[in-house]
Amino acid sequence: MSLLVVGSLALDTIETPFGKAERTLGGSATFISVAASYFIQPVRLVGVVGYDFPKKELDFLREKEIDLEGLQIKEDEKTFHWHGKYSFDLNTRDSITTELNAFANFDPVVPDPFKKSTYVCLGNINPVLQKKVLLQVEKPKLVVADTMNFWIGGMLNELLDVLKYVDVLIINDSEAREMSHEANLIRAAKVIESFGPRILIIKKGEHGALLFYHDDLFIAPAYPLEAIYDPTGAGDSFAGGFIGHLARTEDLSYENMKRAVIYGSTIASFAVESFSLDRMRDLSTFEIKDRFNEFKRLSEFTSI
Ligand code: AMP
C-alpha cells in the first residue's frame, strides 16, 4: 500500500479569540500528510513552496517520514499565504487573504516512483491541479478529495470535472449546501453523489460527521473538548487520519470505513488543541488509540 497526497503547503496567519499566530506552518497537504503519517509511512507529498518556507519545517516533514521528492521549491516566489479569522464561537471563519504565490504558476509533476500509488488524497487546492495530479497516477484503488468554498464559488465547473474521478468526497456542511443548492443534508448528499463520488463525508464541526456509504448512513460524534484553540486544519487532519487508516488496513468495507471516520475525528481532535500543527507534531500511538477508544465509549449504548 502507498499513499500520495497533493494540496497546499502554507504559511498561515491565524486569528482566534485566544490569540494570533503569524506565518505559522499550515496548508491542506501539510495537515493531511502529517496526520496520515501516524498510520502509514512514507507519505508521498506533491506540492510547492517558496524561498521563505522555513528549512526547519522541511526537516520536520522529513522526520515524519514524508517523502518530499514531489515537492517543488521556487527560489523566486513566496509560499502560499492564507490569513483566517475565526468568530467568537470558532464555528465560522473569514478568509481575510488568500495569496496563491508559488501556487499561481504551479505545474505539479508526480515523480515516477509515486505514479503507482494505490491511495490518493487530493487535498484542498485548485481543482485543475487536483486533476493534473490524478491523471499522472496509474491506477489508484481509492481517491479521496477535499475542497472548500473558495473553489466551490470560484471554479465550480473545474471542481465538478474532477469529482467524476473521486471515490470519497469530504466536505463540511455549509460547503455541501452550497454545492448542491439543498438546505437538507440528506438531499444534499444525494445531489453530490450524482456528481461522481460514491461515498460522501459531511463534517459538522463540533457536531461530528456523517458518512454516506451507498445506502448506509453512519453518524460519528465529535470529541467533546473543553479547550479548542485553533480549528485550522481540522478538516485536513480528519482526511489524513481517514485515508491513512484505510491505506494501512487496505480494507474498504463499510465497517472499516466507519473506523476510518473515527480515526479521522480522533486526529482532528488533537489538531484543534493548539495553534498550527503544534499538537500533532509528536503524538504517540497510545494517545491516538486511547482517544479512539474514548469515542467508542462516548457513543455506545444498549437497547434494553
Ligand atoms: P481546513 O481548516 O481543514 O479547512 O484547512 C485550513 C488550511 O487550508 C490552512 O492551513 C490554509 O493554509 C489552507 N487553505 C486555505 N485556503 C486555501 C485555498 N484556497 N487553497 C488551498 N489551501 C487553502
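Owing to the predicted nature of the structure, the values given are computational and were not obtained by experimental measurement. When a ligand or atom number is given, it counts from 1 through the structure's own listing order. FYI, side chains are in, hydrogens and waters are out, and symmetry mates aren't considered; it's all heavy atoms of this structure.
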Polar atom proximity, [X] to ligand 1 (N or O, under 3.5 Å):
{"X": "Asp236", "answer": "yes"}
{"X": "Gly27", "answer": "yes"}
{"X": "Thr232", "answer": "no"}
{"X": "Phe31", "answer": "no"}
{"X": "Met148", "answer": "no"}

Could you list which atoms of ligand 1 come closer than 4.0 Å to a heavy atom of [X]?
{"X": "Ala10", "result": "12 (O)"}
{"X": "Phe150", "result": "19 (N)"}
{"X": "Gly233", "result": "1 (P), 2 (O), 3 (O), 5 (O), 6 (C)"}
{"X": "Gly235", "result": "3 (O)"}
{"X": "Gly26", "result": "10 (O)"}

**Request:** Specify side chain, backbone, both or neither for Trp151, according to which of its non-hydrogen atoms lie closer than 4.0 Å to ligand 1.
**Result:** side chain
**Message:** If I take atom CZ from residue Phe60 and atom OG1 from residue Thr30, how far apart are they, to the nearest 0.5 angstrom?
**Reply:** 9.0 Å
**Message:** If the contact criterion is a heavy-atom separation under 4.0 Å, does Arg93 count as touching ligand 1?
**Reply:** yes
**Prompt:** Phe103 near ligand 1, heavy-atom distance under 4.0 Å?
**Reply:**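 Heavy atoms of Phe103 never come under 4.0 Å of ligand 1.
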Note the single closest protein heavy atom to [atom], along with its residue, its atom name and the distance in Å.
{"atom": "atom 21 (C) of ligand 1", "result": "Asn124 O, 3.2 Å"}
{"atom": "atom 9 (C) of ligand 1", "result": "Asp12 OD2, 3.2 Å"}
{"atom": "atom 13 (C) of ligand 1", "result": "Ser8 OG, 3.9 Å"}

**Prompt:** Does a side-chain N-to-carboxylate-O contact under 4.0 Å join Glu15 and Arg93?
**Reply:**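 Judged by the 4.0 Å cut-off on N to carboxylate O distance, Glu15 and Arg93 do not form a salt bridge.
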**Asked** Taking 4.0 angstrom as the limit, do Arg23 and Asp12 come out as a salt bridge?
**Response**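 Judged by the 4.0 Å cut-off on N to carboxylate O distance, Arg23 and Asp12 do not form a salt bridge.
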**Asked** Going by the angle between their ring planes, with limits at 30° and 60°, are Tyr263 and Phe39 parallel, tilted or perpendicular?
**Response**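 Perpendicular, since the angle between the ring planes exceeds 60°.
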**Asked** Side-chain donor-acceptor pair under 3.5 Å between Asn256 and His245, yes or no?
**Response**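 Distance-only check passes for Asn256 and His245.
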